[in-house]
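In what follows, a single structure is set out as structure tokens and then discussed.
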There are 2 protein chains.
Amino acid sequence: MTHPLDTTFAALADPTRRMILSMLLEDDMAVTDVAAPFSTSLAAISKHLQVLADAGLISQEKRGRVKWCKLEPDALRAASVWMQGFGQFEPVDLDAFERFLASDLANDLDDTDVPA
Amino acid sequence: MTHPLDTTFAALADPTRRMILSMLLEDDMAVTDVAAPFSTSLAAISKHLQVLADAGLISQEKRGRVKWCKLEPDALRAASVWMQGFGQFEPVDLDAFERFLASDLANDLDDTDVPA
DNA sequence: GCAATCGTCAACCAGATGGTTGAATAAGCT
DNA sequence: AGCTTATTCAACCATCTGGTTGACGATTGC
């Protein structure tokens with residue numbers, strides 16, 4: 001029914017979810033650990049993770065009683081191709097990306113519990 | 001308050017709005033002409049255009065009684081940089097983009113009034 | 001067995017979103 | 001001036017979203 005890009009972009013439209021993706025860039029994480037830096041409830045984060053999983057941006061594997069979340073960057077490829085069609089964007093610029101992550105850490109989290 | 005990427009991705013999450021952007025790739029258009037291929041009301045399209053303008057994805061200039069809509073692909077650059085940070089995506093692939101547009105034309109519009 | 005931990009489910013709430021219709025504003029045409 | 005075209009505004013509606021809280025099933029460890 002709905003186009004895959006709908007769910008991809010909708011998932012990316014939330015700062016909490018983008019932050020989660022950034023966190024998962026470093027390593028796989030359990031749900032509780034993903035939720036730790038946020039001031040919202042665990043249930044809310046669990047829902048965010050479900051949205052990300054539905055969009056294919058992460059995968060979740062339950063081992064024992066902990067559910068591990070893993071980044072699945074392939075799901076971004078279609079969206080990336082779509083966007084790049086609109087302009088001759090510069091090739092991968094990891095420095096710009098790092099700057100984004102830094103500013104996300106500074107701005108997106110609630111002013112409590114911001115990790116150092 | 002809200003991160004610029006929030007509005008960018010949210011604007012891109014709607015198939016009607018993505019279609020509008022694709023249409024504006026070819027040329028600037030008046031609001032009425034943008035609305036023509038869709039089965040939704042003109043007012044709805046006008047709102048969509050406002051969302052796109054708020055996200056900076058298009059600009060609107062009123063000349064006489066018609067308001068011209070112009071694609072502003074620069075607004076996609078920040079989002080593109082963000083996404084590319086998550087993987088080594090292939091460089092600009094215009095063929096893949098054309099395929100996307102073709103499938104959008106086939107799938108996204110309501111089954112009425114699909115332009116040939 | 002029993003308590004603690006991990007995570008989801010269910011019900012609920014406030015606010016945003018996408019759509020409609022009809023009236024209103026603005027600019028051109030004759 | 002008066003009709004027509006272009007676009008938005010206002011009110012309304014149904015649905016989605018992101019959040020909460022409390023109960024619940026499942027797993028682990030003592």
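Below, chain A is the first sequence line, B the second, and so on; all start at residue 1. The figures here come from the full heavy-atom set of this structure, side chains too, leaving out hydrogens, waters and symmetry mates.
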Nucleotide [N], atom [atom2] - distance to [atom1] of [X] in whole Å:
| X | N | atom1 | atom2 | answer |
| --- | --- | --- | --- | --- |
| Leu49(B) | dT17(C) | CG | P | 16 Å |
| Leu52(B) | dT17(C) | CG | P | 13 Å |
| Gln50(A) | dA10(C) | CD | P | 13 Å |
| Ile20(A) | dG7(C) | CD1 | P | 13 Å |
| Met29(B) | dT7(D) | CE | P | 11 Å |
| Phe38(B) | dT7(D) | CZ | P | 15 Å |

Short heteroatom pairs, N/O only, protein and nucleotides 27-30 of chain C, under 3.5 Å:
from: dA27(C); atom 1: O3'; to: Arg65(B); atom 2: N; distance (Å): 3.4

Between side-chain atoms of residues 27-37 of chain A and protein atoms elsewhere (two or more places apart, or another chain), which donor-acceptor pairs fall under 3.5 Å?
none

So, do [X] and [Y] sit near enough that their side-chain heavy atoms are less than 4.5 Å apart?
| X | Y | answer |
| --- | --- | --- |
| Thr8(A) | Trp82(A) | no |
| Asp14(B) | Phe9(A) | no |
| Leu25(A) | Leu21(A) | no |
| Arg18(B) | His3(A) | yes |

Side chains of residues 56-71 of chain B: which donor-acceptor partners sit under 3.5 Å, not counting sequence neighbours?
from: Ser59(B); atom 1: OG; to: Glu72(B); atom 2: OE2; distance (Å): 2.8
from: Glu61(B); atom 1: OE1; to: Arg63(B); atom 2: NH1; distance (Å): 3.2

Donor-acceptor contacts under 3.5 Å from residues 43-52 of chain A side chains, at least two apart:
from: His48(A); atom 1: ND1; to: Arg17(A); atom 2: NH1; distance (Å): 3.1
from: Gln50(A); atom 1: NE2; to: Asp54(A); atom 2: OD1; distance (Å): 3.0

Completion exercise
Readout for nucleotides 10-21 of chain D: B = base within 4.0 Å of protein heavy atom, S = sugar-phosphate only, - = neither; 5' to 3' it is -B------SBBB

Problem - From Arg77(A) atom CZ to Ser80(A) atom OG, the distance as rounded to the nearest 0.5 Å - result: 8.5 Å

Exercise for the section: Of all the heavy-atom pairs spanning Ala10(B) and Ala13(A), show the shortest one and how long it is. Expected result: N-CB, 3.5 Å

Handout entry: Rounded to 10 degrees, the angle between the two terminal axes of the helix from dG7(C)-dC24(D) to dT30(C)-dA1(D), each from five pairs
Key = 30°

